[in-house]
There are 2 protein chains.
Amino acid sequence: MHDVAAAASVSAKTVSRVFNDDPHVAPATRERILRAMKELNYVPNTLAQTFRSGRAPVVGVAVPDIADPFFSAIARGVEEVAVENNIAVSVTSLGDEPSREQPVIESLLRFQLTGLIVAPTSNDQSYLERWSGSTPMVFVDRAPTRFAGDCFVEDDRGGAHTATTHLIRHGHTRIGFIGDTLSIPTTHNRLEGYKAALDDAGIPYRPELVTFGARSAAGAIASLEFLLAAGPTALFSSDARCSMNVIPGMQEVHSADLALVGFGDFPMANALRPATTVIDQNPSNLGRLAMNRILDRIASPAKKFRRRTVLPVNLVERASCLVSWEAGTAGAAGVAATVGVAGTAGTAGNLPSELRPAV
Amino acid sequence: MHDVAAAASVSAKTVSRVFNDDPHVAPATRERILRAMKELNYVPNTLAQTFRSGRAPVVGVAVPDIADPFFSAIARGVEEVAVENNIAVSVTSLGDEPSREQPVIESLLRFQLTGLIVAPTSNDQSYLERWSGSTPMVFVDRAPTRFAGDCFVEDDRGGAHTATTHLIRHGHTRIGFIGDTLSIPTTHNRLEGYKAALDDAGIPYRPELVTFGARSAAGAIASLEFLLAAGPTALFSSDARCSMNVIPGMQEVHSADLALVGFGDFPMANALRPATTVIDQNPSNLGRLAMNRILDRIASPAKKFRRRTVLPVNLVERASCLVSWEAGTAGAAGVAATVGVAGTAGTAGNLPSELRPAV
DNA sequence: ATGAAAGCGCTAACAC
DNA sequence: GTGTTAGCGCTTTCAT
């Protein structure tokens, strides 16, 4: 910058004024400086500007796994709003180990970020208390525990209730619940919704129809084998990651003739046969809302905002909920039997969620 | 920091020494300072450290779309290596508009990043010349044009040749090529491989069997309708995003009885019926290699590295390549006809790529 | 419309 | 083992 100032025979401050679009610069001077900047190949150092201002024009996004389509869609939504405001997005995968959450997030917070958006993996965010004054934080998908932070979550309980009720209406009474772990709030709430739906229908709750650990392909198979002993005719999968593990698992253990509704859309759900009926979530909207809240908090520090926003979800009926245990024989042939229905159904081509490949 | 120094009655420098793990601090002093840091709730300001050092402990990742599973897997790979080195990862989606590439990347570069990893969307990276001295840059998936940068790409030509040859061996002679756009090098190279395979088999190249624009669901359908006029019996899809659009499209236009091989694995490819045969790419490995190269470049500025690394790809045979146009009738029934084969084939459960939901 | 000086929070380089 | 000085590149404040 000094070189530019020298070349244009002005002071450093005037150079600064030029690339800050300060109107108080004579057109001639501005010209001269711009020319010098070109010639000297000068670009302002964002780091120094940032340091001076005390805030990095960056929002952090911390999610369990950025490679999970659900979370990458959230990141995409955050990004859409961030770019419009000249803010960069730094993403971090927290992984499956809850104890990693705190150190990872605190190291992010040390960057003096413009804001932080997190889908937590642990069940205690009280360590964020000391940071709450300095960096606006917003939670997505999962509400914080022992910490009062803004959050945007989905209607987990209601969605699970809808899904379960849908299966009940199709005549199912032995409906399995397959989830990740109760320690994440979404799974907890969805189990509540599942229970409530059973209760509302007068169907007794049976613990042997509830299982966890479908976070991995192997876990999904173990879960299925456990469930199968209880003779379910339908399954409710508690999240998209589970669904993506459970569906191949069902094919593998020859239980593809169970009806299925999953919470959360996922890539190719509508191309499977039968196409998977899901509760649609709109994750990129979640990201956009979170990013907008960060901006609002900064713009209006005194204003009160609703801490917790619960977004509605809706059932996307495709075909997997129509599969009937009684109609087919066990094994893969059961899938074939239902293909005609699914393949020709008008709903099969539904593309409701933003999880589809490209728009 | 000054407050801490005062509270512990030492100088600022000594405080700095403590949180930098400098051994030249008396244990008693260190104790005293640590206590003061706790009490005053002090955390070192990363921004200032960063500014002082002149480099942000951040690598940029710029890809067409972070929500695309292929690119989010690359980002995940970068992240894995980055965290081990206390480096944050900032991701940016370049979008589908090539002209956005330069401004977006240059604004990233102004951050004095530790390094930048790019999958470019434009076909001219000459603007990076002026930055090449200051920030190590590595290209992934797509080699740079008019710019000499490190790159890690896949054997596009070879993989496409393998895929096409595989279809030819299954008796196909009218094989359609369906891609995004020739302006990205991968599609260009894959078309070359496709042509070469036809040539090697003595099959004449027919332009009416080649189409582009399958970047969107609508584009895929248009592509399919165009292709269908030429009466193909099989399809080669040039990338995962195309495959994810083409497969639902095939169902929609009742062309599901075409054999298919796709370049690039994608979520649920192995759960579809027929399961999709693909050329497997290992995107997260691409990310890890790129991040390691950045670190290597920094550690050994003088050392020579191979500019261009071409990674081998391999065919993952599932079932979609076995579909035979002659065997089924047109429409969804064609799918049903092949389900038995696919569903019971030993290869159906293959999980080769890192694109599967969770590991 | 332009410039001079001071300083953001931290850390090399050098005392002591 | 600990302190002092100076400065990273920019911008704010206050003159001129």
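In what follows, every chain begins at residue 1, and chains take the letters A, B, ... in the order their sequences are listed.
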Engineer: Please report the distance, rounded to the nearest Å, between CZ in B:Arg52 and P in D:dG9.
Structural biologist: 10 Å
Engineer: Has the side chain of A:Thr309 got a donor or acceptor atom that lies under 3.5 Å from a matching backbone atom of A:Phe152?
Structural biologist: no
Engineer: Name the closest nucleotide to the A:Ser11 side chain, picking from D:dG3, C:dG3, D:dG9.
Structural biologist: C:dG3
Engineer: Indicate yes or no: does B:Asp141 engage B:Arg241 in a salt bridge with an N to O separation below 4.0 Å.
Structural biologist: no
Engineer: Hey, can you tell me if A:Phe19 and A:Tyr42 have their rings parallel, tilted or perpendicular (30° and 60° cut-offs)?
Structural biologist: tilted
Engineer: Would you check if the side chain of A:Ser300 reaches a backbone N or O of A:Arg297 as a donor-acceptor pair within less than 3.5 Å?
Structural biologist: no
Engineer: Can you name the closest pair of heavy atoms from B:Ala5 and B:Ala12 and give their distance?
Structural biologist: CB-N, 3.8 Å
Engineer: Do any N or O atoms from the side chain of B:Asn20 and from the backbone of B:Asp22 form a donor-acceptor pair under 3.5 angstrom?
Structural biologist: no
Engineer: Checking side-chain polar atoms at under 3.5 Å, does A:Ser122 have a donor or acceptor matched by the opposite partner on A:Asp124?
Structural biologist: no
Engineer: B:Met1 has an atom CE; how far is it from atom C1' of D:dT2, in whole Å?
Structural biologist: 14 Å
Engineer: Got a salt bridge between B:Arg142 and B:Asp180, using NZ or NE/NH1/NH2 to carboxylate O under 4.0 Å?
Structural biologist: no
Engineer: What do the steps show when you test B:Thr135 against B:Gln112 for side-chain contact (heavy atoms from CB on, under 4.5 Å), and what is the final call?
Structural biologist: CA-CA 7 Å; B:Thr135 304; B:Gln112 319 290 116; over 6 Å; no
Engineer: Answer with yes or no whether the side chains of B:Arg288 and B:Ser284 bring together a donor and an acceptor at under 3.5 Å.
Structural biologist: yes
Engineer: Going by heavy atoms closer than 4.0 Å, what residues in residues 12-26 of chain A are next to DNA chain D?
Structural biologist: A:Lys13, A:Ser16, A:Phe19, A:Asn20
Engineer: Given axes from five pairs at either end, by how many degrees does the helix from C:dA1-D:dT16 to C:dC16-D:dG1 bend, rounded to 10°?
Structural biologist: 30°
Engineer: Are B:Asp296 and B:Lys303 within salt-bridge range, i.e. N to O under 4.0 Å?
Structural biologist: no
Engineer: Given atom CZ of A:Phe51 and atom P of C:dG7, what is their separation to the nearest angstrom?
Structural biologist: 13 Å
Engineer: Within this structure, what is the CZ-to-C1' distance between B:Arg55 and C:dA12, rounded to whole angstrom?
Structural biologist: 18 Å
Engineer: Enumerate the residues from residues 29-50 of chain B whose closest heavy atom to DNA chain D is under 4.0 Å, giving them by residue number; use none for an empty result.
Structural biologist: B:Thr29
